[in-house]
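Heads up: numbering here begins at 1 and tracks the sequence.
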Amino acid sequence: MSINRYFYPTLVLDVNPTLGILAASYGIRAMPVNTGCQLRNPSDAVRVKFHHPATLPCYERCPGVVRWTEFSRSTEVLAECDQTSCRSVKEGYQMIRDQYLKGNFSLTITAADFSKRARYTCDCDGKDLCDVELQIEALNTTVQMKPGEALVLKLEISEEVEVLYKSTGAAGPSSGQICSADGGSLQCNPDYTRRSSLIPALELRGVSPSDSGVYTVMDRINQDALHVYTVTVQGRTVVLSY
């Protein structure tokens, strides 16, 4: 376990990031120390609703330029501040100068969507200060349908996704993955192949009451739920003959 040491003119403190100060000399009582964002806690995450604003917190000191970037795109600045001004380098990201002058370097994302899910880094003149992950809550949609209609499931992202199904009726098919998509490519289980297509959403044609259930669109790489559809198909199934 790493120990942070803080040196003062008349007092030496041994600090543990979790437990606070472990020991102090000269008989002075030890008090916990807030080490701020410099603690790289993997649980530092902000979770917001789709298309809602998100604030990624960072409270530190920096006499120079403070910049926010995506962790995986460290050369692409999103917003930055210095002693004279702040500017939004990329639309939809902003910092506030009055907050910056008080040591609040938080980044505001005006409308969070699934494309903005990432880990973000705040730095001072190239020195990392804070790492914060942005997560988006899954969308939830309730759908009432009649037999024979087409169920349309938005996939939300262009990267690889899978659609999971959980039956809510005894007559429904087995639960599990029914389709996966990657860009313009669609792969479905045999029971769904003839009824499914990309438009670019996933369309499931000719639903019946046995299709009632919960359909979850998942980011296959990150295993994040993107959109959850609760589907109820009610009515008499009409079989057309020609």
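- Every residue was checked against the side-chain contact (heavy atoms from CB on, under 4.5 Å) condition with A111, not counting sequence neighbours, and none meets it.
- The salt bridge (Lys or Arg N to Asp or Glu O under 4.0 Å) analysis of residues 197-209, with sequence neighbours excluded, yields the pairs E203-R205.
- Within the structure, the disulfide bond (SG atoms under 2.5 Å apart) test picks out the following pairs touching residues 63-93 (sequence neighbours left out): C81-C86.
- Side-chain contact between I178 and C188 is absent, with no heavy-atom pair separated by less than 4.5 Å.
- Listed by chain and number, the residues in a side-chain contact (heavy atoms from CB on, under 4.5 Å) with C62 are V66, F105, C124 (sequence neighbours excluded).
- Among residues two or more places apart in sequence or in another chain, the ring-ring contact (aromatic ring centres under 6.0 Å, His included) test is passed with F71 by none.
- Partners of Q187 according to the side chain to side chain donor-acceptor pair (under 3.5 Å) rule, which considers only residues two or more places apart in sequence or in another chain, do not exist here.
- T121 and D131 form a side-chain donor-acceptor contact under 3.5 Å, judged by distance and modelled atom types alone.
- Listed by chain and residue number, E80 satisfy the salt bridge (charged side-chain N to carboxylate O under 4.0 Å, His left out) test with R87 (two or more places apart in sequence, or in another chain).
- Using a 4.0 Å cut-off between charged side-chain N and carboxylate O, D82 and R67 make no salt bridge.
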Yes or no on side-chain contact (heavy atoms from CB on, under 4.5 Å) for V231 and L151, after CA distance, side-chain angles and deciding distance?
CA-CA 9 Å; V231 178; L151 172 62; 4.0 Å; yes

Listed pairs under 3.5 Å, donor-acceptor, residues 154-164 side chains, sequence neighbours left out:
| residue | atom | partner | partner atom | Å |
| --- | --- | --- | --- | --- |
| E156 | OE2 | H227 | ND1 | 2.8 |
| E160 | OE2 | R220 | NH1 | 3.2 |
| E162 | OE1 | Q177 | NE2 | 2.5 |

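- Evaluation of the side-chain contact (heavy atoms from CB on, under 4.5 Å) rule for N104 yields Y59, Q99, S106 as partners, not counting sequence neighbours.
- Applying the under-4.5 Å side-chain rule to Ile, Leu, Val, Met, Phe, Trp and Tyr, the cluster around V77 extends to V89.
- SG distance check for C58 and C130: under 2.5 Å.
- The salt bridge (Lys or Arg N to Asp or Glu O under 4.0 Å) pairs that include a residue from residues 107-117 are D113-K116, R117-D219, R117-D224, where partners are two or more places apart or lie in different chains.
- For Q144, the side-chain contact (heavy atoms from CB on, under 4.5 Å) partners two or more places apart in sequence, or in a different chain, are T142, T232, Q234.
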